[in-house]
Amino acid sequence: MVTLSKQGIIQRGISWEGILMLETSQMQRLVAVAECGTITEAAERLYLTQPALSRSLKRMEDDLGVQLFDRSRKNDFHLTETGWRAADMARDILKRTADMESRLRAEGSSCAVTAVGACTPPALWGMLPVLANEFPEIIFSSTIVPTTLLKKGIEAGDLQVAFMAEPLQGGNLTCYKWVVEQLFAVFPASHPLHDAEEVTLEELGSQSFLIQDHVGDWLDMVRREAPNLRLLVQEDRATLLGLARSSELPRFMSNMTMSFDNLLPGERAVPVRGAGSQLQLWCVHTDDLATEIAQYLALHARSDAAEG
């Protein structure tokens with residue numbers, strides 16, 4: 001369920017004052033399975049791996065305490081009667097949420113909504129709280145999806161701001177370079193590449209690497225440039241860090257996540273060079289974005305670029 005925080009940011013997540021709230025992404029995935037009919041087709045629609053989608057749906061079942069899927073037959077994964085009812089309710093909640101945001105924007109009320117999207121999580125992690133603090137009269141909704149979907153969102157008017165990996169030009173759009181996100185490979189002390197000065201994705205070969213789900217363009221880029229790498233995709237950061245502690249598996253992070261994600265004892269972050277190692281992020285916003293927000297974004301981009 002979409003919940004509104006006291007800071008004025010629409011957050012999509014679980015828990016507020018101990019009350020169970022389903023993630024919007026979980027409901028979207030349940031609806032996708034119901035509409036596609038198979039886990040494989042739903043995963044393709046959602047730009048997820050099949051195992052990652054299966055884990056997310058299992059967590060949803062655990063959170064609710066009900067069985068949504070029948071797994072009794074091998075390679076046959078389908079909704080139970082309860083699952084179909086849950087999918088119908090989830091579809092209704094998602095529609096109501098979209099209608100609410102659309103109406104708030106259309107009415108131009110004192111609680112105006114500005115929809116922001118990004119192709120990598122850290123583009124939003126630091127920016128949204130700052131924007132909410134600077135502009136308390138505005139509600140900021142957020143989404144993290146690949147650049148291809150951000151383009152569609154901007155062009156359809158569903159997003160007012162997007163941080164994407166490609167420029168997008170248009171008569172009613174402003175577009176400029178935002179910041180470069182640099183990929184790092186994080187190795188535990190026991191790993192033979194722990195003391196390397198730099199590595200390439202190709203040099204990582206067929207090793208197992210932890211990487212978080214919902215990282216926008218990064219997952220597809222790493223898969224494309226390192227097809228032999230065995231990516232162990234994790235649903236959230238807490239799970240990923242827990243595995244990093246217990247298994248000593250290497251993982252990925254970036255220059256933009258380092259202020260949010262501390263290295264574990266003994267770990268060392270090694271810069272990745274070559275193909276697939278960087279994302280040039282562009283800030284694209286519609287020209288009807290509030291002037292004060294547009295100016296603030298431009299100033300922040302110059303500051304980030306100088307630091308990078």
Side-chain angles (χ1 to χ4, degrees), residues 10 12 24-25 28-29 32 42-49 52-53 56 98 101 114-128 131 140-184 201 211-227 229 231 233-235 237 252-257 260 272-289 293-294 297-298 300-302 304-305 308:
I10 290 182
R12 307 168 190 273
T24 300
S25 61
Q28 291 170 336
R29 291 167 188 181
E44 290 177 357
R45 177 197 287 192
L46 297 165
Y47 296 92
L48 293 174
T49 63
L53 178 56
S56 176
E101 294 184 1
T114 295
V116 184
C119 68
T120 68
L124 296 180
W125 289 347
M127 180 54 59
L128 279 183
L131 287 174
F140 294 91
S141 67
S142 66
T143 186
I144 299 171
V145 294
T147 290
T148 52
L149 297 183
L150 292 176
K151 286 183 175 181
K152 292 179 180 179
I154 284 283
E155 291 169 344
D158 296 327
L159 294 173
Q160 284 72 57
V161 183
F163 302 104
M164 59 179 67
E166 298 175 15
L168 181 62
Q169 306 296 336
N172 66 331
L173 300 177
T174 296
C175 176
Y176 52 87
K177 288 183 177 180
W178 176 252
V179 70
V180 174
E181 187 170 6
Q182 168 68 49
L183 187 66
F184 283 78
L201 289 175
I211 190 169
Q212 189 179 328
D213 203 353
H214 319 303
V215 289
D217 286 352
W218 275 120
L219 195 54
D220 287 340
M221 180 179 287
V222 172
R223 282 183 174 139
R224 183 173 63 250
E225 300 298 338
L229 202 62
L231 295 177
V233 184
Q234 304 305 310
E235 179 72 16
R237 280 196 296 163
F252 286 114
M253 67 189 310
S254 79
N255 59 323
M256 294 175 65
T257 64
F260 304 96
V272 179
R273 303 301 184 195
S277 65
Q278 291 186 341
L279 278 178
Q280 169 65 66
L281 299 184
W282 298 75
C283 178
V284 180
H285 67 75
T286 56
D287 288 342
D288 60 0
L289 183 68
I293 299 178
L297 289 174
H300 195 84
R302 287 196 292 272
D304 276 356

### Message
Just verifying a value: how many Å separate Met221 CE and Gln278 CD, rounded to the nearest 0.5 Å?
### Response
9.5 Å
### Message
Less than 4.5 Å apart, side chain to side chain, heavy atoms only: is that true for Leu159 and Val284?
### Response
no
### Query
Mind checking whether Lys152 and Thr148 have side chains closer than 4.5 Å, heavy atoms only?
no
### Query
Could you give the distance from CH2 (Trp282) to CD (Gln169), rounded to the nearest 0.5 Å?
7.5 Å
### Message
Rounded to the nearest 0.5 Å, what separates atom CD in Gln28 from atom OG in Ser56?
### Response
10.5 Å
### Task
Write down the atom of Pro122, the atom of Ser254, and the distance for their closest heavy-atom approach.
CG-OG, 4.4 Å
#### Entry: Side-chain touch Thr174/Leu289, heavy atoms, less than 4.5 angstrom
no
### Task
For the residue pair Trp125 and Thr257, establish whether any side-chain heavy-atom pair is separated by less than 4.5 Å.
yes
### Query
Under a 4.5 Å cut-off applied to non-hydrogen side-chain atoms, are Leu281 and Met256 in contact?
yes
### Task
Output the distance between atom CG (Leu149) and atom CD1 (Ile154), rounded to the nearest 0.5 Å.
12.5 Å
### Message
Is any side-chain heavy atom of Glu181 closer than 4.5 Å to one of Phe163?
### Response
no
### Task
Step by step, work out the side-chain contact (heavy atoms from CB on, under 4.5 Å) result for Thr114 and Leu131.
CA-CA 10 Å; Thr114 295; Leu131 287 174; over 6 Å; no
### Query
What are the two closest non-hydrogen atoms of Leu297 and Cys283, and how far apart are they?
CD1-SG, 4.3 Å
### Task
Taking all non-hydrogen atoms of both residues into account, name the closest pair between Gln212 and Val233 and its distance.
C-CG1, 4.3 Å
### Message
Quick one about Thr147 and Glu166 (side-chain donor to acceptor, distance below 3.5 Å, no hydrogens or angles considered), yes or no?
### Response
no
### Query
Do you know the tightest heavy-atom contact between Asp217 and Pro146?
OD1-CA, 3.2 Å
### Shortest non-hydrogen separation from Asp287 to Gly171 and the atoms involved
OD2-O, 3.7 Å
### Query
Under the 3.5 angstrom rule, does the side chain of Gln160 hit a backbone N or O of Ala115 as a donor-acceptor pair?
yes
## Note on the structure
Applying side-chain hydrogen bond (donor to acceptor under 3.5 Å, both in side chains) to Glu155 and not counting sequence neighbours gives none
### Query
Step by step, would you call Leu201 with Val272 a side-chain contact (heavy atoms from CB on, under 4.5 Å)?
CA-CA 7 Å; Leu201 289 175; Val272 179; 4.0 Å; yes
### Query
Are Leu168 and Leu150 side-chain neighbours, meaning at least one heavy-atom pair lies under 4.5 Å?
no
### Query
Would a distance-only check, ignoring hydrogens and angles, find a side-chain to backbone donor-acceptor pair under 3.5 Å from Asn255 to Gln182?
yes
### Query
Taking all atoms of both residues into account, what is the closest heavy-atom pair of Leu53 and Ala43, and its distance?
CD2-N, 3.6 Å
### side-chain contact (heavy atoms from CB on, under 4.5 Å) between Leu231 and Phe252, worked out
CA-CA 10 Å; Leu231 295 177; Phe252 286 114; 4.0 Å; yes
